[in-house]
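Following: one structure in structure tokens, then a few remarks.
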Amino acid sequence: MQILVSPYELSEQCRDWRAGGLTTALVPTMGYYHAGHEDLMRHGRGLAERLVVSLFVNPAQFGPGEDLGSYPRNAERDVAIAEACGADVLFMPKADAMYAQDHGTWVDVPDMAKRLCGQRRPAHFRGVCTVVLKLFLLSRAAVAVFGNKDWQQQAIIRRMVRDLNLPARIETRPAVREADGFALSSRNVYLTPEERAQAPEIYRGLRYAQELASRGEKDAGILRRAVLRRWAERLPLGRLDYLAVAHPETLEPVTCIGEPSLMACAVHLGKARLIDNILLYP
Ligand code: PAF
């Protein structure tokens with residue numbers, strides 16, 4: 001596995017592969033790998049002849065007061081994991097190699113980016129789209145892999161790819177969960193033992209809504225309130241950011257579960273802001 005830090009070198013390497021008739025799969029990450037990242041990488045490995053994994057804690061997607069400075073990092077361990085998962089290149093640029101001091105070009109999907117997580121993180125998805133587009137342009141990957149745990153992110157990236165006619169296919173993978181249902185995230189490291197003990201209640205609440213929907217409850221407001229009541233009892237350390245029911249592709253609010261709908265949430269537990277989601281089927 002090569003470790004590349006320069007965008008130019010990545011672009012040249014991928015160009016050489018293309019010239020030799022080899023396709024590239026891309027797995028963008030911010031590092032501090034867990035089994036969810038490993039799943040994305042192993043899946044990407046099977047999709048193309050060459051696999052590029054990017055490891056870049058993208059400053060553009062962090063807002064003021066967020067955890068850019070303290071975001072967990074362990075480059076040595078991540079290098080070993082990426083290699084074991086079959087990456088041909090691990091791209092680890094420095095921030096100033098990706099963003100010139102006077103960087104001023106942004107990619108945004110504003111209608112979708114303002115919903116759900118975007119309510120409290122107004123510039124987040126603009127930062128995500130911009131860095132992901134740069135990675136697409138550098139790698140010219142035929143396919144890129146994202147996790148479904150950040151449902152909004154993959155939905156926005158799909159829209160960006162469609163709107164800009166990017167020649168890349170997007171594949172998604174389900175969240176990888178602990179045995180108790182808690183979704184893996186690099187930010188889980190922020191949790192105290194007490195917070196970790198309550199954390200599985202996030203997904204249990206979503207599963208409860210899914211069960212009620214499958215038993216015929218179609219009113220999104222009722223489902224939402226049922227989850228909030230459950231969380232009030234079983235997740236007292238949690239502080240709600242949002243819990244919403246939305247169209248899985250457009251992310252527009254849904255009031256009646258007439259077709260499969262997304263229930264998505266963000267909950268603060270101590271220092272961690274945790275996101276999760278589930279599909280509700282009528
Ligand atoms: O999901 C992430 O880790 C990041 O948002 C991504 C896609 C790597 C862009 O920085």
Side-chain angles (χ1 to χ4, degrees), residues 4-5 7 10 24-41 43-44 51-63 66-75 78 81-82 85 87 89-99 103 106-109 112-113 116-118 120-139 141 143-161 166 168-176 183-190 251 264 266 272-277:
L4 299 180
V5 296
L10 175 64
T24 299
L26 170 71
V27 177
T29 78
M30 298 209 300
Y32 209 69
Y33 293 148
H34 52 65
H37 294 108
E38 291 182 34
D39 174 72
L40 300 181
M41 293 186 229
H43 186 72
L51 174 63
V52 171
V53 175
S54 65
L55 193 176
F56 178 58
V57 182
N58 173 32
Q61 68 188 74
F62 290 78
E66 291 186 356
D67 59 346
L68 172 62
S70 58
Y71 193 82
R73 291 165 168 87
N74 189 340
D78 286 350
I81 292 174
C85 291
V89 162
L90 182 63
F91 178 52
M92 303 173 69
K94 294 261 183 292
D96 59 0
M98 292 297 275
Y99 296 105
H103 177 97
W106 299 101
V107 190
D108 203 1
V109 187
M112 293 173 79
L116 307 177
C117 287
R120 293 241 210 274
R121 307 187 77 193
H124 172 68
F125 291 108
R126 187 186 83 153
V128 171
C129 285
T130 303
V131 81
V132 169
L133 179 60
K134 278 163 151 301
L135 294 168
F136 281 158
L137 294 174
L138 291 168
S139 67
V143 56
V145 192
F146 295 87
N148 263 347
K149 187 173 80 75
D150 195 336
W151 186 283
Q152 183 172 15
Q153 171 170 276
Q154 62 80 33
I156 290 175
I157 288 167
R158 282 180 194 280
R159 177 68 64 85
M160 173 182 80
V161 165
L166 298 176
R169 191 174 87 245
I170 303 301
E171 293 220 355
T172 53
R173 299 286 293 165
V176 175
L184 296 186
S185 159
S186 303
R187 289 185 166 105
N188 292 354
V189 71
Y190 297 148
L251 307 179
R273 178 180 178 279
L274 304 170
I275 57 170
D276 208 344
N277 66 75

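Both counts, for ligands and for their atoms, begin at 1 and track the order of listing.
Panel note: side chain Asp78, backbone Tyr32; a donor-acceptor pair is recorded below 3.5 Å. Judged by distance alone, the side chain of His37 and the main-chain N or O of His34 form a donor-acceptor pair under 3.5 Å. Side-chain N or O atoms of Arg73 include one that pairs as donor or acceptor with a backbone N or O of Tyr71 at under 3.5 Å.
Between Tyr99 and Asn58, the side chains place a donor N or O and an acceptor N or O closer than 3.5 Å (distance only, hydrogens not considered).
Protein heavy atom closest to atom 3 (O) of ligand 1, with residue, atom name and distance, is Met30 CG, 3.5 Å. Residue, atom and distance of the protein heavy atom nearest to atom 5 (O) of ligand 1 are Gln153 OE1, 2.7 Å.
Under a 4.0 Å criterion applied to the non-hydrogen atoms of Thr29, ligand 1 contributes the atoms 8 (C). Numbered from 1 in the order shown, with element, the atoms of ligand 1 that lie under 4.0 Å from a heavy atom of Pro28 read 8 (C). Of all the atoms in ligand 1, the ones that sit under 4.0 Å from a non-hydrogen atom of Val131 are 9 (C), 10 (O).
By the 4.0 Å heavy-atom criterion, Asp150 is excluded from the residues contacting ligand 1.
Two residues are said to be in side-chain contact when any heavy atoms from C-beta on lie closer than 4.5 Å; Asp67 and Tyr190 meet this criterion.
Between Asp276 and Ala183, the shortest heavy-atom distance links the atoms OD2-CB, 4.0 Å.
The N/O atoms of Gln61, backbone and side chain alike, include one that comes under 3.5 Å of an N/O atom in ligand 1.
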